[in-house]
Novice: 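Structure provided below as structure tokens; questions to follow.
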Amino acid sequence: MKLNLFSKLIFAALLAFVVNSFVYFSFGNIYSSTILNYENFQEQFHSGIYQYRILSGYFLVWIYNLLSGLNFDYQIFKLKFFDQESEPKMFLAFFILNTFFLVLSSFVMVLITESKNFIATESEKILMIWAAVFVIAISQFVIVPYDVSSYFFVLLFFWIFLMYLNEGSAAILILLVAVLFVSTLNRESSALSLSLAATLLYGKFGLGKKTFIPVAILGAVFLAVYLGMRFFNESFTTNDGNLVVLNFSQPKNILGLLFWVVFFIFTLILSKDKTALRNILIFHLLAAPYILMCLYSGILYEVRLYVPIFLTALFLSKSEFTKFQ
């Protein structure tokens with residue numbers, strides 16, 4: 001059955017909404033139960049590395065305050081919490097924020113698969129969007145305000161960059177700069193967009209000025225925002241401690257590492273040809289700073305850390321770049 005673009009967008013939005021709704025309202029959250037309280041959230045996300053992920057934090061607080069002005073009966077959701085201090089209003093704010101950005105992400109996934117760069121059957125396109133939505137949804141056993149929105153910005157950058165590869169327009173490059181700027185205000189994983197840009201430009205132009213100049217511009221924007229937020233806050237925290245030993249000794253973290261391996265292999269299996277496979281490998285190589293930082297200071301059981309890499313590799317697996325003019 002062949003669907004038009006509008007039908008695909010509607011289906012993707014419904015898929016994202018339904019799956020996320022079941023994840024939030026059908027299971028009790030143990031892992032993030034302590035931050036489902038406004039005061040606890042403010043305390044955690046205004047310290048350490050979290051204080052630089054400002055954009056979605058503001059969105060969450062805005063939604064929370066908006067809900068505070070409504071006479072709403074939260075009992076209709078029959079919510080059960082593991083922490084007695086958890087607030088239904090805070091939980092609903094997280095749900096609204098993350099579902100909104102998951103729907104937007106699903107829209108961009110459709111646009112990526114509909115571009116002339118994407119070589120796949122109609123069934124493959126739908127199944128890849130399905131896989132991406134489910135992976136994002138199940139990784140939300142860790143509830144934070146910035147992850148799903150960061151996926152949206154990474155995917156949006158991917159889609160716009162495909163247009164830049166085709167047209168080489170300065171206007172599109174400026175648009176990419178704007179997306180990267182906002183994305184970095186949201187989460188430093190926006191650096192993965194630089195890895196993607198370098199991968200695709202190298203694949204098309206090799207090591208030349210057509211590769212170096214755009215990457216240099218985008219890299220300068222990322223560093224300006226990344227360092228600027230730290231100068232503004234008069235703090236240069238880059239991580240919350242060394243967790244390498246725990247990541248390779250605790251069973252849960254080893255399971256998280258296995259998740260990385262399995263889903264990395266999954267993207268390789270889906271690769272349409274050797275060029276796509278090479279692009280995935282190069283992308284992972286260029287993403288090494290992010291990966292090493294995850295191993296050093298992230299908790300690998302929080303598989304959300306690999307999701308932006310997985311999403312990029314997933315859509316790289318069926319993308320074609322070398323034939324563009």
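In this chain, residues are counted from 1 in sequence order.
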Novice: Are Leu66 and Phe91 connected in a single hydrophobic cluster, I mean Ile/Leu/Val/Met/Phe/Trp/Tyr linked by side-chain heavy atoms less than 4.5 Å apart?
Specialist: yes
Novice: Identify whether Val262 and Ile136 are in the same connected component of the hydrophobic contact network (ILVMFWY, side-chain heavy atoms under 4.5 Å).
Specialist: yes
Novice: Indicate yes or no: at least one non-hydrogen side-chain atom of Leu60 is less than 4.5 angstrom from one of Phe41.
Specialist: yes
Novice: Any ring pair (Phe, Tyr, Trp, His ring centres under 6.0 Å) involving residues 163-216? Give me the pairs, sequence neighbours left out, ordered by first then second residue.
Specialist: Phe161-Tyr164
Novice: For Phe283, give me all partners under ring pair (Phe, Tyr, Trp, His ring centres under 6.0 Å), at least two apart in sequence or on another chain.
Specialist: none
Novice: State which residue, out of Ser56, Ser189, Ser183, fulfils the side chain to side chain contact (heavy atoms under 4.5 Å, CB included) condition with Ser150.
Specialist: Ser189
Novice: Quick one: are Leu55 and Ser149 in side-chain contact, heavy atoms under 4.5 Å?
Specialist: no
Novice: CD1/Ile265 to CG/Leu270 distance, rounded to the nearest 0.5 angstrom?
Specialist: 12.0 Å
Novice: Quick one: list whatever passes ring pair (Phe, Tyr, Trp, His ring centres under 6.0 Å) with Phe134, sequence neighbours left out.
Specialist: Trp130
Novice: Which pair of non-hydrogen atoms, one from Thr184 and one from Leu180, has the smallest distance, and what is that distance?
Specialist: OG1-O, 2.7 Å
Novice: What residues, two or more places apart in sequence or in another chain, satisfy salt bridge (charged side-chain N to carboxylate O under 4.0 Å, His left out) together with Glu302?
Specialist: Arg304
Novice: I'd like to know if Phe25 and Leu15 are part of one continuous hydrophobic network [Ile/Leu/Val/Met/Phe/Trp/Tyr, side-chain heavy atoms within less than 4.5 Å].
Specialist: yes
Novice: Would a 4.5 Å heavy-atom cut-off, applied to side chains only, mark Val18 and Phe22 as touching?
Specialist: yes
Novice: For Lys89, give me all partners under salt bridge (charged side-chain N to carboxylate O under 4.0 Å, His left out), at least two apart in sequence or on another chain.
Specialist: none
Novice: Residues in salt bridge (charged side-chain N to carboxylate O under 4.0 Å, His left out) with Arg187, at least two apart?
Specialist: Asp147
Novice: Is any side-chain heavy atom of Leu92 closer than 4.5 Å to a side-chain heavy atom of Phe77?
Specialist: yes
Novice: Between Val179 and Phe158, is there shared hydrophobic-cluster membership here, with clusters defined by ILVMFWY side-chain heavy atoms closer than 4.5 Å?
Specialist: yes
Novice: Hey, are the side chains of Glu188 and Arg53 touching, using non-hydrogen atoms and a 4.5 Å cut-off?
Specialist: yes
Novice: Distance from Ile129 atom CD1 to Ile126 atom CD1, nearest 0.5 Å?
Specialist: 5.0 Å
Novice: Take the angle between the ring planes of Tyr31 and Tyr301 and call it parallel below 30°, perpendicular above 60°, tilted in between.
Specialist: tilted
Novice: Partners of Tyr146 by ring pair (Phe, Tyr, Trp, His ring centres under 6.0 Å), sequence neighbours excluded?
Specialist: Phe45
Novice: Would you tell me whether Ser68 and Asn65 have side-chain atoms, one donor and one acceptor, within less than 3.5 Å of each other?
Specialist: no
Novice: I want to check a possible cation-pi pair here: Lys318 against Phe118, using under 6.0 Å from ring centre and within 45° of the ring axis as the test.
Specialist: no
Novice: If we ignore angles and hydrogens, is there a donor and acceptor under 3.5 Å between the side chains of Thr34 and Asn40?
Specialist: no
Novice: Quick check: are there more than 12 heavy atoms from other residues, nucleotides or ligands sitting under 6.0 Å from CD of Glu43?
Specialist: no
Novice: Rounded to the nearest 0.5 Å, what's the gap from CE on Met109 to CG on Leu314? Could you check?
Specialist: 8.5 Å
Novice: Is there a donor-acceptor contact under 3.5 Å from the side chain of Ser169 to the main chain of Ala171?
Specialist: yes
Novice: Is there any ring pair (Phe, Tyr, Trp, His ring centres under 6.0 Å) pair reaching into residues 255-274, and which pairs are they, with sequence neighbours excluded?
Specialist: Phe259-Phe263, Trp260-Tyr306, Phe263-Phe310, Phe264-His284
Novice: What's the verdict on side chain to side chain contact (heavy atoms under 4.5 Å, CB included) for Ser317 and Met128, showing C-alpha distance, side-chain angles and the deciding distance?
Specialist: CA-CA 10 Å; Ser317 71; Met128 291 178 75; 3.5 Å; yes
Novice: What I'd like to find out is whether the side chain of Val177 reaches to under 4.5 Å of the side chain of Ile217, using heavy atoms alone.
Specialist: yes
Novice: Side-chain atoms of residues 98-107: list all donor-acceptor pairs with protein atoms under 3.5 Å, sequence neighbours left out, distances to 0.1 Å.
Specialist:
unit_1 : atom_1 : unit_2 : atom_2 : d
Asn98  : ND2    : Tyr24  : OH     : 2.8
Asn98  : ND2    : Phe94  : O      : 3.4
Asn98  : ND2    : Val144 : O      : 3.3
Thr99  : OG1    : Asn20  : ND2    : 2.9
Thr99  : OG1    : Phe95  : O      : 2.7
Ser105 : OG     : Phe101 : O      : 2.8
Ser105 : OG     : Phe152 : N      : 3.4
Ser106 : OG     : Ala12  : O      : 3.3
Ser106 : OG     : Val103 : O      : 2.6

Novice: Linking Ile, Leu, Val, Met, Phe, Trp and Tyr through side-chain heavy atoms less than 4.5 Å apart, which residues share a cluster with Leu127?
Specialist: none
Novice: Kindly determine whether Asn37 and Ser86 satisfy side chain to side chain contact (heavy atoms under 4.5 Å, CB included), including the steps that lead there.
Specialist: CA-CA 5 Å; Asn37 171 280; Ser86 296; 5.9 Å; no
Novice: Ignoring hydrogens, what is the shortest heavy-atom contact between Pro145 and Leu97? Give both atom names and the distance.
Specialist: O-CD2, 3.4 Å
Novice: Find the distance between CG (Leu201) and CG (Leu165) and round it off to the nearest 0.5 Å.
Specialist: 6.0 Å
Novice: Where do Lys204 and Leu200 land on the side chain to side chain contact (heavy atoms under 4.5 Å, CB included) test, with the steps shown first?
Specialist: CA-CA 6 Å; Lys204 183 174 182 181; Leu200 300 186; over 6 Å; no
Novice: Can you tell me how far the CG atom of Leu173 sits from the CE atom of Met163, to the nearest 0.5 Å?
Specialist: 12.5 Å
Novice: Among residues at least two apart in sequence or on other chains, which ones pass salt bridge (charged side-chain N to carboxylate O under 4.0 Å, His left out) with Glu114?
Specialist: Lys8, Lys125
Novice: Any sub-3.5 Å donor-acceptor pair from Asn117's side-chain atoms to Ser319's backbone N or O?
Specialist: no
Novice: For Ile280 and Ala313, which heavy atoms make the closest approach, and how far apart are they?
Specialist: CD1-O, 3.6 Å
Novice: For Leu305 and Cys294, work out which heavy atoms get closest and say how close.
Specialist: CB-SG, 4.0 Å
Novice: What distance do Leu268 atom CG and Leu316 atom CG have between them, rounded to the nearest 0.5 Å?
Specialist: 11.0 Å
Novice: Would you say the side-chain atoms of Glu87 pair up with the backbone N or O of Tyr38, donor to acceptor, closer than 3.5 Å?
Specialist: yes
Novice: Is there side-chain contact between Met229 and Val225, with at least one heavy-atom pair below 4.5 Å?
Specialist: yes
Novice: Begin with the C-alpha distance, continue with both residues' side-chain angles, and end with the deciding distance and a verdict on side chain to side chain contact (heavy atoms under 4.5 Å, CB included) for Asn186 and Val182.
Specialist: CA-CA 7 Å; Asn186 187 63; Val182 176; 5.9 Å; no
Novice: Side chains of Leu155 and Ile112: does their closest heavy-atom pair fall under 4.5 Å?
Specialist: yes
Novice: Going by atom type alone, with no hydrogens or angles, which donor-acceptor pairs under 3.5 Å involve a side-chain atom of residues 192-199 and a protein atom two or more places apart or on another chain?
Specialist:
unit_1 : atom_1 : unit_2 : atom_2 : d
Ser195 : OG     : Leu286 : O      : 3.1
Thr199 : OG1    : Ser195 : O      : 2.7

Novice: Could you check whether Glu320 pairs with Lys116 (Lys NZ or Arg NE/NH1/NH2 to Asp/Glu carboxylate O, under 4.0 Å)?
Specialist: no
Novice: Give the minimum heavy-atom separation between Val19 and Ala137, together with the two atoms involved.
Specialist: CG1-CB, 3.4 Å
